[in-house]
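Comments concern the structure below.
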Amino acid sequence: MAWDGLKKFVFRRKRDLPEGLWMKCDDCDALIYKKAVEERVKTCPQCNFHFPMTGPERLQLLLDPGSFQERWDDLTPADPLSFVAVTAYKDKLAEAQLQTGLRDAAIVGTGTLHSRPLVFGVTDSRFIMGSMGSVVGEKITRAAELAAAEKLPLIIVSGSGGGARMYEGCLSLMQMAKTSAAIARLHDAGGFFISILTHPTMAGVMASFAALGDIVIAEPKALIGFTGPRVIEQTIKQELPKGFQRAEFMLEHGFVDLILERQRMRDELAKILNYLP
Amino acid sequence: MAVAYLHDFEKPIAELEDEIANLEKLASRSPADLSANIQSLRERSLALKREIYAKLTPWQRVQVARDPNRPLFTDYLNALVEDFVELHGDRAYGDDKAIVTGFGRIGQQKVMIVGHKRGKTTAERVQCNFGSPHPEGYRKALLKMQLAEKCHVPVVCFINTAGAYPGIGAEERGQAQAIARNLFEMSRLRTPIVCLVIGEGGSGGALGIGVGDRLAILENAYFSVISPEGCAAILWKDGGKAPQAAQVLKLAPKDLLALGIVDEIVPEPVGGAHHAPEAATQLVKAAILRMLEELVTVPIPELVERRYARHRRIGRFLEGEAAKVYFESTIAQASARAQAKAVKEAGKEPAAAATNAPREAITPASAGPAAGAPPLVAGSPPATAVTSAPAVHAAPVPAAPVAPAASALPPNPPTTPNPPASAPAGAEPSTATKENAGAVSPGPVQSVQRHA
């Protein structure tokens, strides 16, 4: 899907500074003090760009300490197509697993937010760009089914530049249908789904469960859309307007309910949850 | 039958057909009876077509799927739908020409037709963006499908698109949102839906009208998560490697059937639909009518339940004990490799010793699932995973006793392909390497999966 170019765009200008006290902002290019970034929960002190957070960091940010109980953490990606191109999918998986300590990009389970129990899921963009293969699709689906059965609200934090994971072919594509169907069921059961979009949420993830929240929340400046910006540029052969496909653009065009800064996200979510029955 | 043979692999057929044509010309002028010769050549041509088309590579099939002479949605519409009443517009923004919708009748069966229109002439093609819909196209499709639901009329979708349109307007109007909404609503639409890929099944743009009770695909069509060119551009940084990409993506009908993604392959006349459009139309008509016949008698709640189960079970992964064994062995290999790389980079070991040894250790296990990897889970979890204990792990469960791990690993890792479970897993302590991975709660999903 929109893998084309996205990798370059999203992770462009990788901090070309050695590990040290300073770093360069991915968005505004400003030289920023690392400690300040960490203090602001991984946001740029200059431009307020929200850097990607890992799944475990997100759990820590949003849920009550110690409340998260992970479910189905044994689900492990196979290599259903025996996909071998320049590198083998198998090796790519192992590399990502080694690097992140996760088995695949999604972490789902139950927890509480301001003591309110809910089903929570997050995709970790470090793991093959947070793309959705069979495991991510299955976990999101089970999370939605659990939320429906237990009558708990569902919150999923998405961060995927890759969309449907190419390495599992159409099995990945069909996870879009599967997760969307599960969200529809949750809806029919009277359940609630809050979808939180982080930088970047694109392609097959955005064109399925991530777009289907009863409430859709985005982090400031997050890239959100269907086709990757570089593919669009190549197709229409002109430069894209500034701010195209960013959270603010999506808000303006009516596809996002609200933009929430990371620091206030937990309290604001609690406020919203109070309105649910 | 005067359709040109455009593809390299069709060359032997083209030559034989030329020969037949020449002989026929000769026969018309000469008194000798050549009919026996012509007949035998025709038989040979047919056999040749059958042989060549049975052995098409995935990339060749993609080329056939894109053949300009191949029947398009509008051809099927004209040939097999009667009393067609086209219905336009999404009631919100406009009328996307890339998706055509309307009431029609196939045989005795009233249906709602939805299809990707690619256009026959250049002007038409430009008008409908070569069959790549904008959000209003998907919204139009949904609106008409909901109308069909209200009228108790089944929906038939003809899929043939390279993908949803990539453009500024499409993004501004919510391409992702429109597709997602269609997946959502189609999964619970209370009327039968039959989807047929007739040419290109390009990713989300195809799936946007592709969620139904049946997903069928023509013999020479394809359905893929990404175009072969796009995949090649990412993996090889070279769009010219599309043939290889087509191979690894498993986008051909037979692969899709084996993966449980499509329900059936609709045969085409020998040599492809483009060489016998009338025959192709009849085969398509028969397939659609048969699928509809199977579906219209199913009570609606059961139909919707089965549709959910149909999509619910798609996906292959490992779970429980099988997952644990597999995960530990792959992680051990990966860490050995990382170790070897680090050693090599540090220059502490002669390059040969550092690179050869781990490779040997990796090869046997990476030879494929048959070489010792546990069977894949398709949808429902294996028996080992279904434990009655609702043992949900608390998040701060101490990580598995990860043995002295990577640092203790000698530069030459163990030569056993699958190290015993007690061997250093090599991974960092994490939630993913818990020892008790096998004890999972089946969760509330079981009731759903039983329908699978």
Side-chain angles (χ1 to χ4, degrees), chain A residues 1 3-4 66 68-78 80-83 85-86 90 94-95 97-98 101-103 134-135 137-138 142 145-146 149 164 166 169-178 180-181 183-184 188 204 206-208 211-212 225-227 231-232 235-236 245 253 255, chain B residues 166-167 171-172 174-177 179-180 183-184 187-188 203-204 207 211 223-226 230-231 233-236 248-250 256 259 261 308 311-312 314-320 323 326-327 330-331 334-335 338 366 368 376 392-396 427-428 430-432 437 440 443-445:
Chain A
M1 303 208 45
W3 282 75
D4 315 60
F68 185 66
Q69 299 196 310
E70 191 174 357
R71 302 287 295 265
W72 311 296
D73 65 342
D74 59 325
L75 259 60
T76 304
L81 308 189
S82 303
F83 195 105
V86 181
K90 231 179 182 177
E95 197 185 298
Q97 285 162 344
L98 211 54
L102 303 171
R103 292 196 180 193
S134 297
V135 170
E138 179 73 16
R142 288 190 190 185
E145 288 171 342
L146 179 66
M166 190 172 70
C170 262
L171 289 171
S172 298
L173 185 69
M174 296 308 283
Q175 302 307 308
M176 292 169 64
K178 174 164 142 182
S180 300
I183 299 295
D188 287 344
M206 191 56 205
S208 63
L212 296 170
F226 184 65
T227 312
V231 173
I232 297 179
T235 311
I236 63 173
Q245 290 181 322
H253 287 90
F255 297 109
Chain B
E171 294 293 320
E172 282 175 340
Q175 189 74 283
Q177 179 66 234
I179 291 172
L183 308 183
F184 181 102
S187 79
R188 58 176 197 167
S203 194
L207 192 63
V211 175
F223 188 38
S224 181
V225 65
I226 185 170
C231 175
I234 293 167
L235 293 177
W236 288 276
V248 293
L249 282 168
K250 301 268 194 300
L256 296 168
L259 289 167
I261 288 160
Y308 184 74
H311 294 92
R312 181 69 188 81
I314 298 179
R316 296 204 177 175
F317 51 86
L318 297 161
E319 186 167 27
Y326 178 85
F327 181 67
T330 55
I331 278 296
S335 73
S366 57
L376 299 179
V392 182
H393 328 302
E428 290 169 8
S430 73
T431 53
V440 291
V445 300

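Protein chains get the first letters and strands the later ones, always in sequence-line order, with residue 1 at the start of each.
- The parts of Leu75(A) that come within reach of chain B are both its backbone and its side chain, each placing non-hydrogen atoms under 4.5 angstrom from that chain.
- Comment: Glu145(A) does not engage Arg71(A) in a salt bridge, judged by the lack of any side-chain N to carboxylate O separation of less than 4.0 angstrom.
- The shortest side-chain heavy-atom distance between Glu171(B) and Thr227(A) falls under the 4.5 Å cut-off.
- If you tally non-hydrogen atom pairs under 4.5 Å between each of Leu212(A), Val135(A), Ile183(A) and chain B, the highest count goes to Leu212(A).
- Per-residue heavy-atom pair counts under 4.5 Å with chain A were compared for Ala176(B), Gly174(B), Pro166(B), Ser187(B), and the maximum is reached by Ala176(B).
- Between the side chains of Arg316(B) and Ser134(A), no donor N or O sits under 3.5 Å from an acceptor N or O.
- Every residue was checked against the ring-ring contact (aromatic ring centres under 6.0 Å, His included) condition with Phe223(B), not counting sequence neighbours, and none meets it.
- Residue with the most contacts toward chain B among Ala177(A), Gly225(A), Cys170(A), Ser172(A): Cys170(A) (heavy-atom pairs, distance under 4.5 Å).
- Ser224(B) is linked by a side chain to side chain contact (heavy atoms under 4.5 Å, CB included) to Tyr222(B), Leu249(B), Leu251(B), counting only residues two or more places apart in sequence or in another chain.
- If you measure heavy-atom distances from Ser208(A) to chain B, the contacts under 4.5 Å come from both the backbone and the side chain.
- Interface check for chain B: of the options Met206(A), Met174(A), Gln245(A), the most heavy-atom pairs under 4.5 Å are formed by Met174(A).
- Only the side chain of Leu256(B) comes within contact range of chain A, judged by heavy atoms closer than 4.5 Å.
- For chain A, the nearby parts of Val248(B) are the backbone and the side chain; heavy atoms of each come within less than 4.5 Å.
- In this structure a side-chain-to-backbone donor-acceptor pair under 3.5 Å is missing from Glu138(A) to Gln175(A).
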